[in-house]
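What follows is one structure encoded as structure tokens, with my remarks underneath.
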2 protein chains.
Amino acid sequence: MNTPRKTPTMADVARLAGVSPMTVSRAFKRDASVSDATRSAILEAADTLGYVFDSTASNLRSQRTDFVAVTIPSINNANFADTVRGLSEGLKERGLQILLGYTDYDIQEEERLVEQLLRRRPEAIVVTGGRHTPRTRRLLENAGIPVIETWDLPDNPVGHVVGFSNAAAVRSMVDHFVSVGITRIAFIGGDADRDTRGTDRRAGFIAAMQAHGLDPDRLIAAGTPPISMREGADAMGRLLDTLPDTQAVICVSDLSAFGALTECQRRGVNVPQQIAVAGFGDYEIAGICVPSLTTINPLPREIGKRAAELILDVLDGTQEGPATIALEPILMRRQSSP
Amino acid sequence: MNTPRKTPTMADVARLAGVSPMTVSRAFKRDASVSDATRSAILEAADTLGYVFDSTASNLRSQRTDFVAVTIPSINNANFADTVRGLSEGLKERGLQILLGYTDYDIQEEERLVEQLLRRRPEAIVVTGGRHTPRTRRLLENAGIPVIETWDLPDNPVGHVVGFSNAAAVRSMVDHFVSVGITRIAFIGGDADRDTRGTDRRAGFIAAMQAHGLDPDRLIAAGTPPISMREGADAMGRLLDTLPDTQAVICVSDLSAFGALTECQRRGVNVPQQIAVAGFGDYEIAGICVPSLTTINPLPREIGKRAAELILDVLDGTQEGPATIALEPILMRRQSSP
DNA sequence: ATGAAAGCGCTAACAG
DNA sequence: CTGTTAGCGCTTTCAT
């Protein structure tokens with residue numbers, strides 16, 4: 001038996017069950033009207049043949065795919081994973097699946113990815129960030145489906161927005177440090193503008209320092225985003241070597257902040273007595289490491305949840321114009337700072 | 001202008017460019033023979049109309065989807081992310097995309113997911129783990145495409161395998177501890193059989209202890225998999241409270257092991273002098289935390305790379321029967337143990 | 001290098 | 001509750 005047995009189709013199932021293909025089609029939808037006897041006969045026939053529904057055909061004919069495209073910068077990032085989880089749960093009730101793609105923090109890669117995703121005809125698309133190549137923007141504008149930008153508050157949104165201001169979030173951290181008398185503050189972040197959220201956080205740091213009349217030049221370039229724990233540690237080493245009078249350091253993420261903490265441990269530098277350390281993201285590690293890490297919780301799960309609600313409203317026609325939902329990140333004071 | 005402008009089709013592009021739809025189709029494939037002049041006219045027409053290729057139609061007609069389905073237990077796990085990266089890079093050269101799904105460490109959820117994925121007609125499917133529901137197994141066997149099980153060495157594989165023995169990997173850790181004179185060893189892991197790899201690791205621990213004639217009953221149940229850092233810390237607290245003479249603890253993953261380390265720090269328990277701690281996975285944190293963490297590197301990237309090679313060989317017809325590729329995890333000795 | 005005809009497997013639309 | 005007809009947008013196949 002060497003013939004590459006083609007997978008059975010609905011017609012095969014219909015023949016075996018003694019009904020028309022249309023009835024088989026109905027038997028596979030939950031709301032359709034098929035008698036219980038007929039349905040179970042059909043499901044049994046399908047099982048016998050090992051039939052698996054072909055959604056490529058269904059999608060083409062019905063012009064519906066029942067999935068939502070989502071782009072995130074990276075697999076393996078707890079923050080974005082939380083956003084995806086919020087989205088996923090919110091969309092599940094309506095039978096919408098998520099098709100996920102990774103941009104690797106690169107807006108060129110985002111362009112390729114967005115086109116790939118749109119070719120599959122999603123019902124809506126959720127992108128991370130508000131800065132895109134001109135072509136990505138055009139693709140999104142012409143897609144004819146709801147577009148949601150997240151994790152940012154773009155000046156000129158493509159469509160809907162569920163996000164927060166990365167710059168303002170970092171400003172709140174600077175304000176906090178200044179309010180407790182700390183003035184010599186450094187920032188550890190990426191050395192390229194690849195990660196637009198990281199860039200916004202750095203810009204927010206500089207602006208906040210200037211607003212307080214403080215020196216905004218204690219900037220340590222830690223590498224190409226995303227910044228790893230190791231790169232955070234190395235950057236902290238350079239900071240301690242070159243600007244030893246620094247009183248506090250704000251890191252672009254909790255991962256680099258944790259790396260920075262470990263470097264302090266290795267050098268016997270006491271945190272927060274000798275230097276305060278803050279992160280961004282409120283990853284699990286921030287709450288459990290010793291000392292625990294002062295950070296900013298950007299409500300990633302909530303972003304996903306709100307985006308899902310928005311998508312359902314737009315698809316239902318409940319939501320009229322483009323919506324912008326601005327969330328307020330929460331400053332989490334912990335042991336690594338006053 | 002309120003009419004829901006339908007997206008343009010190849011026919012629209014063909015009309016504007018003054019050619020047949022077939023020529024447009026060819027212009028969008030790289031290897032097809034179309035004159036340069038015609039092609040650029042077509043691409044310009046497509047751009048003018050904002051045309052985006054419809055892969056639902058292409059997939060149906062050509063009976064090819066050019067993607068490989070991959071199931072992993074969790075988004076946001078650096079080990080599985082590495083496997084996906086290895087796969088992704090290996091498949092890219094052949095123009096194969098990855099369609100990713102998450103089982104949430106649940107073989108029931110895996111069943112739903114596998115069926116969803118197979119409905120989209122992938123060219124191959126890669127699953128994490130070698131234990132499935134009977135129906136999942138049947139679906140995979142009848143799918144008519146290459147099936148690869150990873151991160152395990154199943155007794156009775158569905159098709160191809162790229163993995164390692166979780167039990168043997170933990171045994172090597174037990175052997176190491178015994179060889180340096182440590183005999184009172186505990187294991188921190190999940191309290192359910194939900195995570196099959198975690199279950200295998202615990203079984204490997206028990207078997208190894210018995211083989212050495214040692215007490216295999218220092219088992220601390222840490223919660224429902226995946227075990228978080230916090231759950232690792234709580235479990236370590238219980239271990240120190242109830243079995244204070246324990247000399248070493250092996251944790252089901254680096255995340256729980258790091259949590260355990262922090263609990264020791266909080267209690268002033270010295271690692272490794274008072275108790276040794278080992279993890280599993282060789283996540284980035286294992287190499288950078290203080291003390292750094294003894295662990296096992298299961299070569300996650302290599303698993304993905306080999307799986308990709310295997311898929312290409314099978315699709316090319318180069319690989320004949322089912323292959324089993326067994327990798328050897330590497331024990332990483334670091335500061336948290338002798 | 002380009003075109004014409006046919007059809008992938010399913011379901012919308014209409015009938016009964 | 002069930003069946004018939006047609007066609008979604010592309011690409012295979014066969015021409016020229």
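Chain letters run A, B, ... following the sequence lines, proteins first and then strands; every chain starts at 1. All values reported here derive from a predicted model rather than from experimental measurement.
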Heavy-atom side-chain contact between B:I98 and B:L91 under 4.5 Å: yes
Test item: A:E141 and A:V158 side chains (from C-beta on) under 4.5 Å apart, heavy atoms: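 The answer is yes, as the side chains (C-beta and beyond) meet within the 4.5 Å cut-off.
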Is any side-chain N of the basic residue among [X] and [Y] closer than 4.0 Å to the acidic one's carboxylate O?
X: A:R112; Y: A:E109; value: yes
X: B:R94; Y: B:D316; value: yes
X: A:R301; Y: A:E89; value: yes

B:R39 or B:R121, whichever maps to the more 5' nucleotide of DNA chain C: B:R39
Check: B:F28 ring centre within less than 6.0 Å of B:Y51 ring centre: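 Yes, close enough.
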Residue pair A:D82 / A:P300: nearest heavy atoms and the distance that separates them: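 Nearest pair, atom of A:D82 first, then A:P300: CB-CB, 3.8 Å.
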Looking at [X], I'd like to know whether one of its side-chain N or O atoms comes within less than 4.0 Å of OP1 or OP2 on [N].
X: A:T38; N: D:dT2; answer: yes
X: B:S20; N: C:dG3; answer: yes
X: A:Q63; N: D:dG9; answer: yes
X: A:S58; N: C:dT11; answer: yes
X: B:S35; N: C:dT2; answer: yes

Salt bridge (charged side-chain N to carboxylate O under 4.0 Å, His left out) between B:R138 and A:D47, intermediate numbers included: CA-CA 10 Å; B:R138 208 148 25 86; A:D47 204 60; 3.5 Å; yes
Angle by which the axis turns from one end of the helix from C:dA1-D:dT16 to C:dG16-D:dC1 to the other, five pairs per end, to 10 degrees: 20°
Sorted by number, the residues of residues 40-57 of chain A with heavy-atom contact under 4.0 Å to DNA chain C: A:Y51, A:F53, A:D54, A:A57
Dump every N/O contact between nucleotides 12-16 of chain D and the protein below 3.5 Å, one line per pair.
from, atom 1, to, atom 2, distance (Å)
D:dT12, O4', B:R61, NH2, 3.3

Sugar-phosphate, base or nothing in reach of B:T23, heavy atoms under 4.0 Å: sugar-phosphate
Rounded distance in Å - CZ (A:R15) to C1' (C:dC10): 15 Å
